[in-house]
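Shown next, in structure tokens, is the structure this report addresses.
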Amino acid sequence: MSQTPNYGPTLSAGARSSLPVLLLLALGFLAPLVTVAAYAFATPKSFEVFSSFTLDNFAAIFDPQNTVWTSFVWALTLAFCCVLILLAVCYPIAYGLNKVFGKWSGLVSVLFVFPLFVSENVRLYGWVLFFIKNGVLDGALKWLGLGGGPEVLYTPGITLFGMTYVYLPFMLFPMTLGIAMIPRDLVDAARDLGAGRLLIWRAIELPLAMPGILIGALLTFVLAAGAVAEAKILGGQSVITITQDIEVAFTYAQNWPLGSALALILVVIVSGLALTAMSRIDLDRILGKR
Amino acid sequence: MQTPGQVRSHFLIRVWTVFVIAAVYLPIVCGALAGLSRGRYFAFPVREFSTEWWSKTWDSFEIHALVQNSVVIALLVTLLSVLFAFFGALAFARYSWKGRRAFQRLLLLPIFFPQPVLGLALLLWFNALGLNPTWKTAIVAHLVWIVPVVTLVIAIQVFSFDPVLEEAAADLGASRLFTLRTVTLPILWPGIWSGALFAFLLSWGNFPLSLYTAGADSTIPKWLYSKMVAGYTPMVPALGTMSTLTAASLLLAGGLIRIYVRRRNAARASEE
């Protein structure tokens with residue numbers, strides 16, 4: 001009736017619906033990455049993309065004289081610590097959103113989503129105003145006659161704090177979806193059979209919630225590994241992350257090939273992790289809740 | 001039945017959650033205080049409150065241009081990303097087709113990607129194409145990141161949608177467009193609405209993508225950053241607070257409209 005007659009091979013309805021997004025991602029995501037990859041093999045400090053091929057940029061990065069590897073170590077270490085802290089911070093909240101808060105969980109979720117709509121530099125600058133000399137913490141402690149606040153700004157520790165702060169929702173929500181996959185009956189049955197709380201957590205809850213937790217950990221790791229604003233605004237450049245090196249190469253240094261080679265290494269590390277973890281996860285089950 | 005152990009752990013979970021929420025909002029409050037105190041340099045406890053920086057910000061022509069850029073970018077991003085994401089969500093969740101799993105994974109990649117690096121990569125690509133970065137290229141950059149997010153938001157709604165309804169409408173002789181308008185869209189409406197709200201707010205607050213891809217054109221977050229790095233004035237926290245309040249009012253209005261529509265539909269359904 002409303003079916004159009006079928007002339008020759010046509011795409012399925014699903015494939016047709018995916019076309020606009022596929023086109024956008026091809027032109028806006030894959031093409032830029034290909035450009036970065038092409039620049040990574042171009043002559044250093046030139047703009048001769050697609051016309052020269054050299055490994056000089058990588059040789060410069062892996063040269064023992066070059067200290068750029070410290071930026072990689074900083075970025076990956078900070079990202080790793082950020083993930084560990086967020087796992088501990090978010091688990092009780094994600095559990096609460098599923099099993100404790102009841103009708104309040106909607107409001108709690110909104111309160112955690114909202115900061116995503118405030119740009120991170122505004123929120124990070126709020127922390128500067130909190131920790132700075134004569135700022136909220138220092139001023140409040142002096143006012144109470146307790147001496148001044150600790151000098152924590154412009155240290156690697158505060159950079160990690162800022163990253164934990166900014167990426168909290170990216171851990172919390174996947175984790176919440178993961179914990180939602182634990183069927184209540186199963187936990188009740190285990191309890192009726194005499195399992196202790198630790199055993200239930202380790203043998204039932206954790207494995208069932210693992211896909212969500214894994215997505216959260218991965219997402220925060222990847223985002224934190226590429227973070228730059230925290231180190232600049234809160235860290236006062238006491239830590240140089242790899243993204244900052246990439247940015248400098250692209251802007252002040254005007255060495256696009258070197259920046260691209262650095263970016264390519266970061267992308268390979270990050271996407272390698274993302275793809276391995278993603279291949280083990282069934283998105284239909286996590287989002288579908290059927 | 002709750003055991004005493006559960007009562008205690010539930011209490012601790014509540015206390016912890018309240019503490020974390022307080023920490024999440026603390027810097028936003030600090031910014032609001034700094035924007036509302038008199039004098040050029042912030043000191044706590046605030047000696048004297050004043051609206052001088054708010055009115056200066058409000059009257060500044062430079063700021064007007066920024067707000068205009070941010071609004072235009074966010075509106076276009078909202079419109080375009082909902083269009084892309086609506087079909088994307090159908091492909092993601094509604095149809096079972098051969099490439100679906102690959103499509104789902106591909107869609108997540110831009111979300112699983114550090115935004116500053118994405119911004120720099122796009123800058124290179126625009127340059128290779130010979131495009132000068134302006135607010136228009138910033139829209140493209142925002143879309144690359146926001147369309148996947150909105151697709152996921154709408155897809156969650158699509159998962160709860162029973163395709164039999166569409167088939168029934170088709171069997172009763174409804175055209176494809178008529179089915180879309182009268183069956184599919186009303187059911188997916190809450191997801192589309194949330195998706196649109198997400199798109200606007202994420203674009204409004206986006207900093208890393210705008211920083212590298214907007215060229216000489218500035219947006220609110222980009223301007224704030226440039227002043228934080230060099231040339232701080234209390235207009236920075238004042239404008240930051242204004243921008244936050246704008247986002248909060250939009251979120252609130254969006255939520256209220258959704259509740260209102262749901263109630264009205266429920267009332268209508270009970271009348272019939």
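Here is how names work: the chains are called A, B, and so on, in the same order as the sequence lines, proteins then strands, and each is numbered from 1.
Residue B:Ala128 touches chain A through its side chain alone, counting heavy-atom pairs closer than 4.5 Å. For A:Leu25, the part sitting under 4.5 Å from any heavy atom of chain B is the side chain, from C-beta outward, and nothing else. Within the 4.5 angstrom heavy-atom criterion, only side-chain atoms of B:Ser9, from C-beta onward, approach chain A. Residue contact with chain A, scored on non-hydrogen atoms closer than 4.5 Å, involves the backbone and the side chain of B:Phe84 alike. Contact of A:Leu168 with chain B is made through the side chain alone, with heavy-atom distances under 4.5 Å. The contact between A:Ser12 and chain B is made entirely by side chain atoms (from C-beta outward), counting heavy-atom distances below 4.5 Å. Heavy atoms of B:Arg101 lying under 4.5 Å from chain A belong exclusively to its side chain. Interface remark: B:Ser243 contributes no atoms to any contact with chain A (heavy atom separation under 4.5 Å). Interface residue B:Leu107: backbone and side-chain heavy atoms are both found under 4.5 Å from chain A. Of the two parts of A:Thr251, neither the backbone nor the side chain holds a non-hydrogen atom closer than 4.5 Å to a non-hydrogen atom of chain B. B:Ile28 touches chain A through its side chain: at least one heavy atom from C-beta onward sits under 4.5 Å away, while N, CA, C and O do not. For chain A, the nearby part of B:Leu118 is the side chain; its heavy atoms alone come within less than 4.5 Å. Looking at B:Ile111, both its backbone and its side chain come within 4.5 Å of chain A, counting heavy atoms on both sides. Using a 4.5 Å cut-off between heavy atoms, B:Ala248 contacts chain A through both its backbone and its side chain. Residue B:Leu109 touches chain A through both its backbone and its side chain, counting heavy-atom pairs closer than 4.5 Å. Heavy atoms closer than 4.5 Å to chain A are found in the side chain of B:Val147, but not in its backbone. With a 4.5 angstrom heavy-atom cutoff, B:Leu251 touches chain A only via side-chain atoms.
A distance of 7.0 Å separates CD in B:Gln115 from CD in A:Glu120, rounded to the nearest 0.5 Å.
Residues B:Trp125 and A:Leu33 are not in side-chain contact: their nearest non-hydrogen atoms beyond the backbone lie 4.5 Å or more apart. Inter-residue side-chain proximity for A:Val122 and B:Phe207 is flagged as unmet; no heavy-atom pair is nearer than 4.5 Å. At least one side-chain heavy atom of B:Thr17 sits under 4.5 Å from a side-chain heavy atom of A:Phe112. Contact of the A:Ile215 side chain with the B:Leu108 side chain is not registered, since no non-hydrogen atoms from C-beta on lie closer than 4.5 Å. Residues B:Phe112 and A:Val270 fail the side-chain proximity criterion, which asks for heavy atoms closer than 4.5 Å.
With respect to chain B, the highest number of heavy-atom pairs below 4.5 Å among A:Val136, A:Val21, A:Leu129 belongs to A:Val136. Of the listed residues (A:Asn134, A:Val113, A:Ile233), the greatest number of heavy-atom pairs within a distance under 4.5 Å of chain B belongs to A:Asn134.
Taking each heavy atom of B:Ala247 and A:Phe114 in turn, the nearest pair found is C-CE1, 3.7 Å. For B:Trp16 against A:Val89, the heavy-atom pair with the smallest separation is NE1-O, 2.9 Å.
Side-chain N or O atoms of B:Tyr225 include none that pairs as donor or acceptor with a backbone N or O of A:Asn121 at under 3.5 Å.
Centroid-to-centroid, the aromatic rings of A:Phe117 and B:Phe198 come within less than 6.0 Å. For A:Tyr125 and B:Tyr232, the distance between ring centers is under 6.0 angstrom.
B:Phe113 and A:Phe29 have perpendicular rings, their planes meeting at more than 60° on a 0 to 90° scale where under 30° would count as parallel.
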Check the pair A:Phe101 / B:Ile13 against side chain to side chain contact (heavy atoms under 4.5 Å, CB included), numbers first and verdict last. CA-CA 9 Å; A:Phe101 303 146; B:Ile13 287 174; 4.0 Å; yes
